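All values reported here derive from a predicted model rather than from experimental measurement.
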Amino acid sequence: QVQLVESGGELVQTGGSLRLSCAASGRTFSNYSMAWFRQAPGKEREFVVGISASGGRTYYADSVKGRFTISRDNAKNTLYLQMNSLKPEDTAVYYCAAGRRLMTSRAITYEYWGQGTQVTVSS
């Protein structure tokens, strides 16, 4: 079992930046692929970016490529999402997820989920 807790979401203006964190506990963090998903009201949960267990492989959704950066610090059991040049369409609840399988863009492949953190981009 893995417990995930997101933090860092808040209200920010268009063009601003935020860094989200996901603290993991319960199992060996370094054994898991991780990902960020987001869900806006009335929409399905969508993939944002994933990262392999080692951090050596990443994959970004086209909508955030060049603006968001995923990273992980396995020594601290923490996953990060640096978000720059934020747009109103980035407004959503952001979730981190963990899975023992190789990183994918499909939510069903992730076993563990945090409760989410709200990101709101004004304008």
Side-chain angles (χ1 to χ4, degrees):
Q1 191 73 22
V2 174
Q3 293 79 47
L4 304 172
V5 180
E6 303 96 334
S7 63
E10 62 182 63
L11 174 66
V12 64
Q13 293 182 330
T14 297
S17 298
L18 286 173
R19 188 177 76 159
L20 306 184
S21 298
C22 175
S25 62
R27 296 288 178 88
T28 303
F29 181 70
S30 61
N31 289 342
Y32 291 85
S33 297
M34 303 288 293
W36 290 96
F37 289 77
R38 66 187 182 187
Q39 188 167 24
K43 295 185 178 180
E44 294 184 351
R45 190 167 298 186
E46 67 173 345
F47 173 80
V48 178
V49 59
I51 187 168
S52 62
S54 69
R57 298 288 185 274
T58 60
Y59 180 73
Y60 294 84
D62 288 342
S63 60
V64 306
K65 196 174 300 181
R67 300 188 298 121
F68 291 11
T69 303
I70 192 172
S71 62
R72 64 191 297 163
D73 187 337
N74 287 347
K76 296 181 179 179
N77 292 341
T78 303
L79 177 75
Y80 302 99
L81 181 65
Q82 179 66 46
M83 305 185 294
N84 299 325
S85 301
L86 283 162
K87 306 174 180 179
E89 51 262 47
D90 295 319
T91 296
V93 177
Y94 283 71
Y95 300 89
C96 65
R100 287 188 169 183
R101 297 181 181 276
L102 295 176
M103 181 271 294
T104 78
S105 63
R106 299 189 66 211
I108 197 172
T109 64
Y110 293 90
E111 303 169 74
Y112 307 106
W113 294 81
Q115 293 300 304
T117 185
Q118 176 71 50
V119 172
T120 302
V121 184
S122 66
S123 182

Hphob cluster co-occupancy, [X] + [Y], side-chain heavy atoms under 4.5 angstrom:
X	Y	result
Tyr112	Val48	yes
Leu18	Leu79	yes
Met103	Leu20	no
Met83	Ile51	yes
Tyr60	Tyr110	no

Any pair counted as disulfide (SG to SG under 2.5 Å), so long as it reaches residues 34-94, sequence neighbours left out: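 Non-adjacent pairs meeting disulfide (SG to SG under 2.5 Å): zero.
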Has Gln115 got more than 12 heavy atoms of other residues, nucleotides or ligands less than 6.0 Å from its CD?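 No, not enclosed.
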Please determine whether the number of non-hydrogen atoms from other residues, nucleotides or ligands lying under 6.0 Å from atom CG of Leu11 exceeds 12.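 Atom CG in Leu11 is crowded, with more than 12 foreign heavy atoms closer than 6.0 Å.
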Any side-chain donor-acceptor pair under 3.5 Å between Tyr80 and Arg72?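 Not at all, the side chains of Tyr80 and Arg72 share no donor-acceptor pair under 3.5 Å.
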Gap separating the [atom1] atom of [X] from the [atom2] atom of [Y], nearest 0.5 angstrom:
X	Y	atom1	atom2	result
Glu6	Gln118	CD	CD	12.0 Å
Asp90	Ser63	CG	OG	7.5 Å
Ser52	Leu102	OG	CG	8.5 Å
Ser85	Arg67	OG	CZ	7.0 Å

Does any N or O in the side chain of [X] come within less than 3.5 Å of the main-chain N or O of [Y], such that one atom is a donor and the other an acceptor?
X	Y	value
Arg57	Ala53	no
Glu46	Arg38	no
Ser33	Arg101	yes
Thr117	Gly9	yes

Can you find a pair of side-chain heavy atoms, one from Thr69 and one from Leu81, that are under 4.5 Å apart?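 No. Closest side-chain heavy atoms not under 4.5 Å.
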Taking side chain as C-beta onward, heavy atoms only, is Phe29 less than 4.5 Å from Met34?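 Yes, side chains in contact.
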Output yes when Asp62 and Lys65 qualify as a salt bridge under the 4.0 Å nitrogen-oxygen rule, no when they do not.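 Yes, Asp62 and Lys65 are salt-bridged.
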For the residue pair Ala24 and Val2, what are the closest heavy atoms and their distance?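 The answer is CB-CG1, 4.5 Å.
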Nearest atoms (heavy-atom pairs only) where Ala40 meets Ala92: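 Smallest heavy-atom distance, with atoms named: N-CB, 3.9 Å.
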So Trp36 and Phe47, ring pair (Phe, Tyr, Trp, His ring centres under 6.0 Å) or not? Walk me through it. CA-CA 7 Å; Trp36 290 96; Phe47 173 80; over 10 Å; no
Just one of Leu86, Thr120, Val12, Val119 clears the side chain to side chain contact (heavy atoms under 4.5 Å, CB included) bar with Thr91, so which one?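 Only match with Thr91 under side chain to side chain contact (heavy atoms under 4.5 Å, CB included): Thr120.
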Sequence neighbours excluded, every pair satisfying side chain to side chain donor-acceptor pair (under 3.5 Å) that has a member inside residues 10-24: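 Applying side chain to side chain donor-acceptor pair (under 3.5 Å) to every pair that reaches into residues 10-24, excluding sequence neighbours, yields Ser17-Asn84.
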Using the six-membered ring of Tyr95, assess whether NZ or CZ of Arg45 lies under 6.0 Å from its centre and within 45 degrees of the ring axis.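 Output yes; distance and angle both within limits.
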Mutual orientation of the aromatic rings belonging to Phe68 and Tyr94 [parallel < 30°, tilted 30-60°, perpendicular > 60°]: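 Geometry flag for Tyr94 against Phe68: tilted rings.
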